K.L.:
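Here it is, the structure, as structure tokens.
All values below were derived from every heavy atom in this structure, side-chain atoms included, with hydrogens, water molecules and symmetry-related copies excluded. In this text, all values refer to a predicted model and were calculated from it rather than measured experimentally.
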Amino acid sequence: MATTERPPSTSRLRTWMLEGLSDMGKGGGHTGPHAEPEPPHQGQRWWRVMCLTGVDYFSTLGYQPGIAALAAGLLSPVATVVLVVVTLAGALPVYRRVAEESPHGEGSIAMLERLLSFWQGKLFVLTLLGFAATDFLITITLSAADASTHLVENPHLSEALHGKQMLITLFLVALLGAVFLKGFLEAIGVAVALVGVYLALNLVVVITGLWHVVTAGHVITDWSSALTTQHGNVFAMIGVALIVFPKLALGLSGFETGVAVMPHVKGGPDDTEQRPAGRIRDTKKLLTTAALIMSCFLIATSFITTLLIPEKEFEEGGDANGRALAYLAHAYLGNAFGTVYDVSTIAILWFAGASAMAGLLNLMPRYLPRYGMAPHWARAVRPMVIVFTLVAFLVTWIFDADVDQQGGAYATGVLVLISSAAIAVTIAARKAGQRGWTLTFAVISAVFLYTTVVNVIERPDGVKIGACFIAGIMLVSLLSRLARAFELRVTSVSLDPLAERFIRDLASRKMRFIANEPDRRDKAEYRDKIEQIRADNDLPEQEDFVFVEVTVTDPSEFEAGLTVRGEVLHDRYRVLTLESASIPNALAALLLHIRDATGRTPHIYFEWTEGNPFANFLRFFLFGQGEVAPVTREVLREAEPDRERRPRVHAG
């Protein structure tokens, strides 16, 4: 009796882990767990998408007032006003311009990528990706740490959960990873509900806090007297506020996310894929409204927390550390309201981590697979979720699940991205001949670069973490590129009418091609090449050949389509010309295409490359040319395992 073998569980696990791998990145599409944009004209209203950005941006109210109080002390409201001015006069205009320049959600990194080519462009983008990874991963770990702080410090739970903040933070990070492993679909409706409830509760806390400040008149008097005693005059206060401003840079987070969610914004009826004017207009509304709401809350919350909370409570171990507004909610509105506030804060902070994870899963596949700088499995969501979750565990452990310690790393990631965006729009304005905007954006760039440098000097943890991410991305990218060096990476092959005619003519006899490096392209070059190939391979004179010439474009590119054009030179020699990032890959793709189109096995003839084989391989790896004959054969071997069907490679 025959029995049916059940596939091993490891096979099922592998299939589940790599689900959707073959569909990732096709057509240059956006990859990720929920990355497909809304269908044209069927997106979401801009204010709903704003809530999606808001789970990251608005959730910083959970910890920003406490961090501001620790950084600036009594000057927290003044320093926050400086932050708001920089937000509205600096970051907002920059990202409104980014929305114009990259309306499909590519963001400032793509703008800078277009300005640089070859390996320097790739390395620059990889560096920015390192800081972006810092931003998003620290968002996950910091948000989870602050959510656990709100949980542990809740009066109803403080005794039971005391000393377990690390475990709770790790559990929240693991829960986030588990959700993405199961399959996370971005739910804008959930974001709207979370943001609506959270902002409403914060509004209640702010109004209550302002009422207590106004009714207890001595509070303002005591604060102003202490300010005058410490700093002397208004100018000294502003000067100190400018100095401590970089420590408050967390309040600038969310703008990059705001641009990334552009594909979900419903466009106008006249929008086109090339110029979605309605989407750009509504995204600008989104960015402006979010910035205005956040600015009002930042000023109000920094004011009431500074005036109503004792300074020692902000410090490590204090009841307001990492949860200043929750402290006020419990103190002035009771533990019942405070618990509701804690639940809302925990939910939005956790969802901010979900937004950051989604950002990571959307950002990395946009670049690394296209560069050939990611392992093949990195195109699938679930393996990357595991990688990012494990890294988040490590970061949480390194920073001991402490909100204050992670603030520097988070601010560094945010500031580097905003600085790069400011530089990108400065260059874009200069190219457009807009002198006024060029000068304005240049000044904004200088402000953010100064802020970034000061933040790095004062809190080097951020740049250290960023450097670790950059080094990791660079190492993995290099190893991946080496491992995939012999991969057939031509996405499509198209022939012009003359090239097709050459192939049809050859199909009735032996299909012989000569790989030729174009030089003078005169009659003598082609005549001498044919004679040499015949002599090296002992071929009869009546054999017919077609030359194939590849011009290397940008060797740092990994995948691209191939266009083949036919030429007849000197009324005698037939030549197929191609442009590609790699000579061997282009030749292998052409040969396989010809075989499939004609059903016949093509032959191609090479000269051996002179010089050291290792040096020639490095030339191929970095510049797309070098050991052409053996590499072409190896690419063909990997692409076509059946030796009988494989195009023939000859070298003499």
K.L.:
Less than 4.5 Å apart, side chain to side chain, heavy atoms only: is that true for Val94 and Ile418?
P.N.:
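They are not in side-chain contact.
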K.L.:
I need the Phe124 CZ to Leu112 CG distance, nearest 0.5 Å.
P.N.:
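Between atom CZ of Phe124 and atom CG of Leu112 there are 5.0 Å.
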K.L.:
Do Thr551 side-chain atoms and Glu579 backbone N/O form a donor-acceptor pair below 3.5 Å?
P.N.:
no
K.L.:
Give, for atom NE2 of His650 and atom CZ of Phe606, the distance between the pair rounded to the nearest 0.5 Å.
P.N.:
10.0 Å
K.L.:
Can Glu567 and Arg574 be counted as an ion pair, charged N to O under 4.0 angstrom?
P.N.:
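Salt bridge between Glu567 and Arg574, a charged N being under 4.0 Å from a carboxylate O: no.
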K.L.:
Just by modelled atom types, is the Phe131 backbone N or O under 3.5 Å from a matching donor or acceptor in the Asp135 side chain?
P.N.:
no
K.L.:
With a 3.5 Å distance limit and no angle check, can you tell me whether Glu525 reaches the backbone of Arg521 through a side-chain donor-acceptor pair?
P.N.:
yes
K.L.:
Tell me if a side-chain donor or acceptor on Ser420 pairs with a main-chain N or O of Leu417 at a distance below 3.5 Å.
P.N.:
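Checked: pair present.
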K.L.:
Would you call Val425 and Met111 a side-chain contact if the rule is heavy atoms closer than 4.5 Å?
P.N.:
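Yes; the side chains approach each other to less than 4.5 Å.
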K.L.:
Charged N to carboxylate O below 4.0 Å: is that the case for Glu634 and Arg637?
P.N.:
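A salt bridge is present here (some side-chain N lies under 4.0 Å from a carboxylate O).
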K.L.:
I would like to know whether Leu562 and Ser492 meet side chain to side chain contact (heavy atoms under 4.5 Å, CB included); could you show each step before the answer?
P.N.:
CA-CA 6 Å; Leu562 195 66; Ser492 63; over 6 Å; no
K.L.:
What's the shortest heavy-atom distance between Pro518 and Asn516, and which atoms?
P.N.:
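Reported closest heavy-atom pair: CD-O, 3.3 Å.
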K.L.:
Which heavy-atom pair separates Pro584 from Val631 by the least distance, and what is that distance?
P.N.:
CB-CG1, 3.5 Å
K.L.:
Between Lys510 and Asp544, does the salt bridge (Lys or Arg N to Asp or Glu O under 4.0 Å) criterion hold? Intermediate values first, please.
P.N.:
CA-CA 8 Å; Lys510 280 280 188 182; Asp544 194 13; over 6 Å; no
K.L.:
Taking atom CG of Leu590 and atom CD1 of Ile604, what is their separation to the nearest 0.5 Å?
P.N.:
7.5 Å
K.L.:
With sequence neighbours left out, which residue pairs that include part of residues 500-530 fulfil the ring-ring contact (aromatic ring centres under 6.0 Å, His included) condition?
P.N.:
Tyr526-Phe547, Tyr526-Tyr573
K.L.:
Leu506 versus Arg509: any side-chain heavy-atom pair under 4.5 Å?
P.N.:
yes
K.L.:
Has Asp496 got a side-chain atom pairing as donor or acceptor with Gly566's backbone, closer than 3.5 angstrom?
P.N.:
yes
K.L.:
To check you understand the geometry: which heavy-atom pair defines the closest contact between Ser419 and Thr452, and what is its length?
P.N.:
OG-OG1, 3.0 Å
K.L.:
For the side chain of Thr632 and the backbone of Ala588, is there at least one donor-acceptor N/O pair under 3.5 Å apart?
P.N.:
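Pair absent, no side-chain N/O of Thr632 close to backbone of Ala588.
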K.L.:
Roughly how far, to the nearest 0.5 Å, is the NZ atom of Lys431 from the CD atom of Glu101?
P.N.:
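Glu101 atom CD to Lys431 atom NZ measures 9.5 Å (nearest 0.5 Å).
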K.L.:
When you look at CZ of Arg501, are more than 12 heavy atoms from neighbouring residues, nucleotides or ligands closer to it than 6.0 Å?
P.N.:
no
K.L.:
Can you find a heavy atom in the side chain of Val49 that is under 4.5 Å from one in the side chain of Trp46?
P.N.:
no
K.L.:
Quick one: salt bridge (charged side-chain N to carboxylate O under 4.0 Å, His left out) partners of Glu640, sequence neighbours excluded?
P.N.:
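Glu640: salt bridge (charged side-chain N to carboxylate O under 4.0 Å, His left out) contacts with Arg595, Arg645.
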K.L.:
Provide the closest heavy-atom pair for Ala499 versus Val564 in the form atom of the first, atom of the second, distance.
P.N.:
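So the minimum-distance heavy-atom pair works out to CB-O, 3.9 Å.
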K.L.:
Could you walk me through whether Leu576 and Val546 pass the side chain to side chain contact (heavy atoms under 4.5 Å, CB included) test, one step at a time?
P.N.:
CA-CA 7 Å; Leu576 297 177; Val546 171; 3.8 Å; yes
K.L.:
What I'd like to find out is whether the side chain of His593 reaches to under 4.5 Å of the side chain of Val490, using heavy atoms alone.
P.N.:
no
K.L.:
For a quick test of reading the model, state the closest non-hydrogen atom pair linking Ile109 to Ala132 and the distance between them.
P.N.:
CD1-CB, 4.5 Å
K.L.:
Compare all side-chain heavy atoms of Val416 with those of Leu128 and state whether any distance is below 4.5 angstrom.
P.N.:
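A side-chain contact under 4.5 Å exists here.
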K.L.:
Could you measure the distance from the CD atom of Gln44 to the CG atom of Asp282? Nearest 0.5 Å is fine.
P.N.:
12.5 Å
K.L.:
Let's go through Ser102 and Val259 carefully: what are the C-alpha distance in whole Å and the side-chain angles of both, what is the deciding distance for side chain to side chain contact (heavy atoms under 4.5 Å, CB included) to 0.1 Å, and is it a yes or a no?
P.N.:
CA-CA 8 Å; Ser102 58; Val259 174; 4.2 Å; yes
K.L.:
Please check if the number of heavy atoms outside Asp642 that lie under 6.0 Å from its CG is greater than 12.
P.N.:
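Yes, the 6.0 Å shell around CG holds more than 12 heavy atoms from other groups.
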K.L.:
Is there a side chain to side chain donor-acceptor pair (under 3.5 Å) between Arg97 and Gln434? Walk through the geometry before answering.
P.N.:
CA-CA 12 Å; Arg97 182 60 180 257; Gln434 300 168 330; 2.9 Å; yes
K.L.:
Looking at His570 and Lys523, would you say the former's side chain and the latter's main chain have a donor-acceptor pair under 3.5 Å?
P.N.:
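Between the backbone of Lys523 and the side chain of His570 there is a qualifying donor-acceptor contact (under 3.5 Å).
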K.L.:
Does atom CZ of Arg565 have more than 12 heavy-atom neighbours, drawn from other residues, nucleotides or ligands, at distances under 6.0 Å?
P.N.:
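Not buried by this count: 12 neighbours or fewer within 6.0 Å.
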K.L.:
Side chains of Thr601 and Met511: closer than 4.5 Å at any heavy-atom pair?
P.N.:
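Result no, sub-4.5 Å side-chain heavy-atom pair not found.
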K.L.:
Under 6.0 Å from the CZ atom of Arg435, do we count more than 12 heavy atoms belonging to anything else shown?
P.N.:
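Atom CZ in Arg435 is not packed in, count stays at 12 or less.
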K.L.:
Is it the case that the side chain of Arg430 and the backbone of Thr438 share a donor-acceptor pair, with hydrogens and angles ignored and the cut-off at 3.5 Å?
P.N.:
no
K.L.:
Could you state the interatomic distance from CZ (Arg512) to CG (Leu539), rounded to the nearest 0.5 Å?
P.N.:
5.5 Å
K.L.:
For Met357 and Thr389, which heavy atoms make the closest approach, and how far apart are they?
P.N.:
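That closest heavy-atom pairing would be CE-OG1, 3.8 Å.
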K.L.:
Is any side-chain heavy atom of Leu286 less than 4.5 Å from a side-chain heavy atom of Thr53?
P.N.:
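Yes. Closest side-chain heavy atoms under 4.5 Å.
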K.L.:
Start with the C-alpha gap between Leu449 and Ile423, add the side-chain angles, then the distance that decides, and say whether side chain to side chain contact (heavy atoms under 4.5 Å, CB included) holds.
P.N.:
CA-CA 9 Å; Leu449 286 171; Ile423 293 169; 4.3 Å; yes
